[in-house]
**Student:** 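Right, I'll just put the structure down here and ask away after.
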Amino acid sequence: MARTATQLARDTPELWSPVWAEVAAALSAHWRAGRGHLLTEDAMRLSAVVALGDAGVDPSRVTADVPEPVLRQGMADLVVDGLSGVVVQLRYSAARTDSRPAAVPMGELLGDVMRLGCVPARRRWVVQVISARTTSHLASAADRHSLVWPSEVGRRLVVERGALEWLPAAAQRAVGRAPWQLPVVATCTDVLAVHGELALFALEVETPGAPPPGGEAELGEVGPRRRDEPPESPRGTARAEILDAVRRILAASDQDTFGVEEVVADLSARGSRFAAATVRTMLTSHMCADVRGRGIAAFDDVERVGPGTYRLRAGR
C-alpha cells in the first residue's frame, strides 16, 4: 500500500531509508552517464521528489524552497506537508570540500543541523554528499574539538554549548550566526555509496532543544568562547577520555604530574578508538594552557611542567 505524505511525516527513520537509497542511486546513474560534474543540490532535490512519488506521496504535497528565516539562505530545500511535517536540508559538497580546511565543511554541516533543530517540524533531515577523504578529515577535526562526527550509521552528533564555543575560527565562520536551541542531536541513519569515494549521509535531527535529564534547553548564537567557563566534553570524545585517563593515573600515583605516554598507554590498554597521534595532539596542544595559536581549541585543562610532563589544572 502506498504511503501518504502524512504517514511519511510520522514514519520511523527506517521507512525513509528507501527514499535516500533512491536518491543515491539516481546520483550514481548521473555519474555513470558522465554528468557527475553537473550535479548540485538541485539534482538531489529532484531525485528526492521522484523517490517520494515512488513511495506514494503526491507531488502536490511536496514543496521546494519554502521560506523559513532560521535556515541557511532563509529557505527549506524540501518540505513534505508544510513546515510542520518533514523538512529536508540538502548539501552536495563533492566538488569543493576536499580543497578546503576540514573546519569549513564541519562548520557548514553544524550550521545546517543547528538551524534545522529550531524548526518545529515532526521530522528533520540533513542529507549531504561528501567524499570519504573529506569525511575522514571531518572526523579527525571533530575529535580534536570534542565532537563525535556522525560518519557511521547509528553514530550521534551531540552539539552542546561548550563544543560550539571552542570551535576553530574557520568553523565558527562557516556556522555563521546560526541560532541554537541546545542540545542539538543528529543521528546518522544511512551511508550510501554514490560514486568512487563519494557517499550520501542522511542525518535525522531530533526534537529541538530536547534537554538531557535534569537539564534545560538553551537558546543562543555562536560567538566567542568565554575563557572563564571551560566546557564539559560529551562522553566518548577524545578530550573526555584523556581527562578520565589523567585522573586514573594521578589517583594511582603519589604525584601531581603525569606523562603524555602514560596517557597514551592507558587509553591503548582500554581499547580507545582514538589513535595515539590524536591523543598526543589533543593533550599537548588543544588541552594545554601554555599553547596558543591558529586552530588551537585552548581548553586549558593542563599545564606543561617539563618535556612530556604535565599537571592537571585546578577544577579539571
Side-chain angles (χ1 to χ4, degrees), residues 13-55 64-65 71-73 75-78 86-116 124-144 147-157 170-171 174-175 186-205 273:
E14 290 77 12
L15 293 180
W16 277 85
S17 291
V19 174
W20 309 135
E22 190 167 335
V23 172
L27 297 176
S28 180
H30 285 302
W31 275 98
R32 290 195 301 272
R35 297 186 291 266
H37 63 293
L38 300 172
L39 296 179
T40 65
E41 287 86 356
D42 288 337
M44 295 177 67
R45 177 163 44 199
L46 182 57
S47 299
V49 171
V50 172
L52 287 167
D54 292 341
D65 288 337
L71 297 176
R72 171 170 45 96
Q73 298 180 345
M75 295 285 183
D77 291 331
L78 195 66
V86 181
V87 179
V88 181
Q89 288 298 92
L90 305 168
R91 190 175 287 276
Y92 191 89
S93 307
R96 56 182 184 269
T97 55
D98 281 352
S99 62
R100 300 180 300 170
V104 176
M106 179 172 67
E108 289 176 346
L109 183 55
L110 286 175
D112 285 347
V113 169
M114 291 162 57
R115 291 180 178 93
L116 199 55
R124 308 160 200 82
W125 293 96
V126 172
V127 182
Q128 184 179 50
V129 174
I130 54 177
S131 70
R133 176 183 176 186
T134 299
T135 302
S136 176
H137 290 172
L138 286 171
S140 296
D143 282 346
R144 293 194 298 271
L147 289 168
V148 176
W149 198 252
S151 56
E152 300 174 1
V153 172
R155 183 164 289 183
R156 300 168 77 239
L157 170 67
V175 169
T187 302
C188 180
T189 64
D190 297 271
V191 178
L192 302 159
V194 172
H195 173 77
E197 64 169 15
L198 292 181
L200 180 150
F201 294 82
L203 308 180
E204 184 176 24
V205 181
R273 66 186 177 89

**Student:** Indicate yes or no: at least one non-hydrogen side-chain atom of Trp125 is less than 4.5 angstrom from one of Leu78.
**Tutor:** no
**Student:** Between Asp54 and Val50, does the side-chain contact (heavy atoms from CB on, under 4.5 Å) criterion hold? Intermediate values first, please.
**Tutor:** CA-CA 6 Å; Asp54 292 341; Val50 172; 4.1 Å; yes
**Student:** For the residue pair Arg155 and Arg273, what are the closest heavy atoms and their distance?
**Tutor:** NH1-NH1, 4.3 Å
**Student:** Using the side-chain contact (heavy atoms from CB on, under 4.5 Å) rule, pick out the option among Val126, Leu203, Val88 that qualifies with Leu116.
**Tutor:**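 Looking at Val126, Leu203, Val88, the match for Leu116 under the side-chain contact (heavy atoms from CB on, under 4.5 Å) is Val126.
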**Student:** Between the main-chain N or O of Asp77 and the side-chain N or O of Gln89, is there a donor-acceptor pair closer than 3.5 Å?
**Tutor:** yes
**Student:** Keeping the roles fixed (side chain from Ser136, backbone from Ala132), state whether a donor-acceptor pair exists under 3.5 Å.
**Tutor:** no
**Student:** Looking only at non-hydrogen atoms, find the nearest pair between Ala24 and Leu192 and report the distance.
**Tutor:**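 Distance-wise, the nearest heavy atoms are CB-CB, 3.8 Å.
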**Student:** State, to 0.1 Å, how close Pro150 and Cys188 come at their nearest heavy-atom pair, and which atoms those are.
**Tutor:**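 What the structure gives for the nearest pair is O-CB, 3.6 Å.
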**Student:** Minimum heavy-atom separation for Val113 and Ala186, please, with both atom names.
**Tutor:** CG1-CB, 4.0 Å
**Student:** Would a 4.5 Å heavy-atom cut-off, applied to side chains only, mark His30 and Leu38 as touching?
**Tutor:**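 Of all side-chain heavy-atom pairs linking Leu38 with His30, none is under 4.5 Å.
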**Student:** Would you say Leu52 and Trp16 make side-chain contact, with heavy atoms under 4.5 Å?
**Tutor:**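 Yes, their side chains come closer than 4.5 Å.
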**Student:** Does any part of the side chain of Glu152, heavy atoms only, come nearer than 4.5 Å to the side chain of Val191, both counted from C-beta?
**Tutor:** no
**Student:** Pair Asp65, Arg45 - check side-chain contact (heavy atoms from CB on, under 4.5 Å), show working.
**Tutor:** CA-CA 10 Å; Asp65 288 337; Arg45 177 163 44 199; 2.9 Å; yes
**Student:** How close do Val127 and Met44 get, counting heavy atoms only, and between which atoms?
**Tutor:**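 Smallest heavy-atom distance, with atoms named: O-CE, 3.6 Å.
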**Student:** How close do Arg35 and Ala29 get, heavy atom to heavy atom, and via which atoms?
**Tutor:** NH2-O, 4.3 Å
**Student:** Applying side-chain contact (heavy atoms from CB on, under 4.5 Å) between Arg91 and each of Leu109, Asp112, Val129, Ile130, report the one that passes.
**Tutor:** Asp112
**Student:** Measure the CG-CH2 distance between Leu198 and Trp31 for me, rounded to the nearest 0.5 Å.
**Tutor:** 5.5 Å
